[in-house]
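Protein chains get the first letters and strands the later ones, always in sequence-line order, with residue 1 at the start of each.
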Number of protein chains: 2
Amino acid sequence: MARSSDPTRTRIVAAASRLFYAEGIRAVSVDAVAESAGITKKTLYYHFRSKDDLVAAYLAARDQPNLALFKRWFEESEGAFPDRIAAIFINLAAAARHPKWRGCGFLRTTAELANLPGHPAIKIGAAHKKKFEAWLQAMFEAEAIAGAAELARQMLLLLDGAFAVVLLHRDASYMETAAEAARALVAAALARRAKAGKTTRRTAARRAS
Amino acid sequence: MARSSDPTRTRIVAAASRLFYAEGIRAVSVDAVAESAGITKKTLYYHFRSKDDLVAAYLAARDQPNLALFKRWFEESEGAFPDRIAAIFINLAAAARHPKWRGCGFLRTTAELANLPGHPAIKIGAAHKKKFEAWLQAMFEAEAIAGAAELARQMLLLLDGAFAVVLLHRDASYMETAAEAARALVAAALARRAKAGKTTRRTAARRAS
DNA sequence: CAATGTATACTGACCAGTGAATATACCTTG
DNA sequence: CAAGGTATATTCACTGGTCAGTATACATTG
């Protein structure tokens with residue numbers, strides 16, 4: 001029964017990813033996915049119970065690679081800490097300029113399936129964004145920033161706002177605006193840490209990982 | 001030929017708005033809209049050339065009322081200028097807690113129709129967001145804020161990010177996080193103005209948190 | 001042989017859009 | 001003013017096509 005290493009299953013998910021990301025969920029038929037994968041629809045239904053399962057698999061397959069990319073962009077960046085956070089947005093701006101870019105697959109799927117709140121794909125999307133937020137928060141805590149959790153949420157808002165707005169206007173410069181806002185908010189948080197001195201309760205958040 | 005004051009046409013658009021916002025575009029059939037409006041499909045096609053036209057009419061009908069609501073929320077707010085900007089987000093947080101809330105109709109339509117970049121509905125959505133941004137920018141300029149344009153764009157990013165994230169997690173508290181970020185960014189911009197200029201028009205940009 | 005995997009061909013429902021006809025309201029013009 | 005015309009507005013019944021999902025049978029292989 002279809003493990004995730006199964007080559008046929010992998011091909012199906014790859015085809016589904018291509019099509020769902022490019023066209024949207026309800027705009028892509030199961031037949032189209034099967035044909036793009038070079039198999040028949042029945043084979044697809046051997047590997048997936050329903051189209052909903054296939055949609056969930058599409059997002060599940062994007063989860064780790066997406067997170068890894070963000071982390072890599074941060075790790076390969078240089079400069080002061082706020083600049084390194086901003087670097088994530090700058091890299092994303094470059095990606096958004098590619099003609100096949102269509103925003104965030106998780107967000108777009110959520111928007112399209114907003115009438116099905118318990119849909120498995122939405123749960124996967126929510127978990128993905130929570131992981132990203134948690135990673136940011138941990139990094140902010142490592143920098144001994146006091147409001148690490150709130151700052152991480154603010155970064156998420158800027159990121160997802162940029163996804164939405166850049167897609168709407170087809171203007172990647174909004175991603176750079178987000179980078180600036182992120183840099184400003186992180187820098188301000190760092191400045192508060194520096195000024196606050198020893199009166200605040202930063203002791204609990206100081207040590208790195 | 002069907003003016004926008006036409007009562008039948010108005011009924012159709014009202015039904016379309018209800019259904020498209022609640023369920024999404026491709027999830028709602030033209031038959032469903034017609035039935036909900038209490039007419040036949042052919043009558044609908046008498047008033048609208050195609051489903052795409054109907055989708056555009058749905059968003060066009062939301063444009064002015066949405067903008068008016070945001071402006072009203074600002075005008076009815078009290079306190080210092082950054083708090084009044086934040087008030088928009090706070091009001092939106094309350095709206096997002098209603099069970100029938102499904103995010104921003106413009107953004108969700110854009111996400112669903114991302115494979116049709118020139119779609120008339122997307123143009124209407126883009127124009128709507130541009131109007132909102134221009135309104136913010138004008139207000140920031142009235143406050144003599146130097147980077148008014150960029151600050152307006154940052155507000156837009158926070159707003160649309162909050163739309164997306166609140167919809168994803170079904171957690172309206174992210175809207176309040178966005179309010180805080182907005183307040184911080186606006187207050188910082190005001191502080192820069194105060195430092196740079198010669199104390200022209202002091203608004204008490206004092207934050208509580 | 002039995003389990004796994006794939007294919008052909010089908011089902012019943014639904015979809016966007018249309019053809020032909022009808023009703024209504026207003027506007028000529030004899 | 002009345003007879004006839006024309007544009008507006010609406011309905012029923014339909015088309016060609018697509019959709020998610022399935023019944024059944026064939027193939028491969030350990």
Side-chain angles (χ1 to χ4, degrees), chain A residues 1-59 109 112-116 118-122, chain B residues 1-59 109 112-116 118-122:
Chain A
M1 183 56 187
R3 302 169 310 288
S4 66
S5 64
D6 186 311
T8 302
R9 190 192 149 98
T10 303
R11 283 163 51 88
I12 296 170
V13 173
S17 292
R18 248 181 289 125
L19 292 173
F20 286 150
Y21 180 71
E23 316 277 345
I25 305 302
R26 290 199 254 240
V28 171
S29 69
V30 176
D31 291 86
V33 174
E35 187 186 343
S36 175
I39 54 153
T40 64
K41 184 159 59 165
K42 196 66 221 268
T43 299
L44 189 153
Y45 274 102
Y46 176 79
H47 291 273
F48 297 91
R49 214 181 334 152
S50 64
K51 183 180 182 180
D52 287 335
D53 274 21
L54 181 58
V55 175
Y58 147 57
L59 289 189
T109 301
E112 191 169 351
L113 305 183
N115 57 327
L116 308 168
H119 195 289
I122 294 181
Chain B
M1 183 54 184
R3 300 170 311 287
S4 68
S5 63
D6 186 312
T8 303
R9 190 192 149 97
T10 304
R11 282 164 51 90
I12 296 170
V13 173
S17 292
R18 248 180 288 123
L19 291 173
F20 286 150
Y21 181 72
E23 315 277 344
I25 306 301
R26 289 198 253 242
V28 171
S29 70
V30 175
D31 291 86
V33 174
E35 188 187 343
S36 176
I39 56 155
T40 63
K41 182 161 56 167
K42 198 64 214 275
T43 299
L44 188 152
Y45 273 101
Y46 176 80
H47 291 273
F48 297 91
R49 211 176 340 145
S50 64
K51 183 180 182 181
D52 287 335
D53 275 20
L54 181 59
V55 175
Y58 146 58
L59 289 189
T109 302
E112 190 169 351
L113 305 183
N115 57 327
L116 309 168
H119 195 289
I122 293 181

Nearest whole angstrom, please: distance from the [atom2] of [N] to the [atom1] of [X].
X	N	atom1	atom2	answer
A:Ile12	C:dT6	CD1	C1'	11 Å
A:Tyr45	D:dC19	OH	P	11 Å
B:Arg26	D:dT18	CZ	P	16 Å
B:Phe48	C:dG17	CZ	C1'	16 Å

* Asked: Is the closest side-chain heavy-atom distance between A:Val30 and A:Tyr45 below 4.5 Å?
  -> yes
* Do A:Leu44 and A:Ile39 touch side chain to side chain, with heavy atoms closer than 4.5 Å? ->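 SC-SC contact between A:Leu44 and A:Ile39 confirmed.
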* Asked: Within a radius of less than 6.0 Å around CD of B:Glu23, do more than 12 heavy atoms belonging to other residues, nucleotides or ligands occur?
  ->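 Yes, the 6.0 Å shell around CD holds more than 12 heavy atoms from other groups.
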* When rounded to the nearest 0.5 angstrom, what is the spacing between OG in B:Ser29 and CD in B:Glu35? ->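 Going from OG on B:Ser29 over to CD on B:Glu35, the span is 8.5 Å.
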* **Shortest non-hydrogen contact between A:Leu113 and A:Ala121, atoms and distance** => CD1-CB, 4.5 Å
* side-chain contact (heavy atoms from CB on, under 4.5 Å) between A:Glu112 and A:Thr109, worked out -> CA-CA 5 Å; A:Glu112 191 169 351; A:Thr109 301; 5.8 Å; no
* To do: Report yes if at least one side-chain N or O of B:His47 is closer than 4.0 Å to OP1 or OP2 of D:dT10; otherwise report no.
  =>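 Result: yes.
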* Asked: Should B:Thr8 be listed as having a side-chain N or O under 4.0 Å from OP1 or OP2 of D:dA9?
  ->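 No, outside the criterion.
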* To do: Would you jot down, in residue-number order, the residues of residues 28-44 of chain A having a non-hydrogen atom under 4.0 Å from DNA chain C?
  => A:Ile39, A:Thr40, A:Lys42, A:Thr43
* To do: Look at the side chain of B:Tyr46 and decide which nucleotide, out of D:dG21, D:dT8, C:dT6, has an atom nearest to it.
  => D:dT8
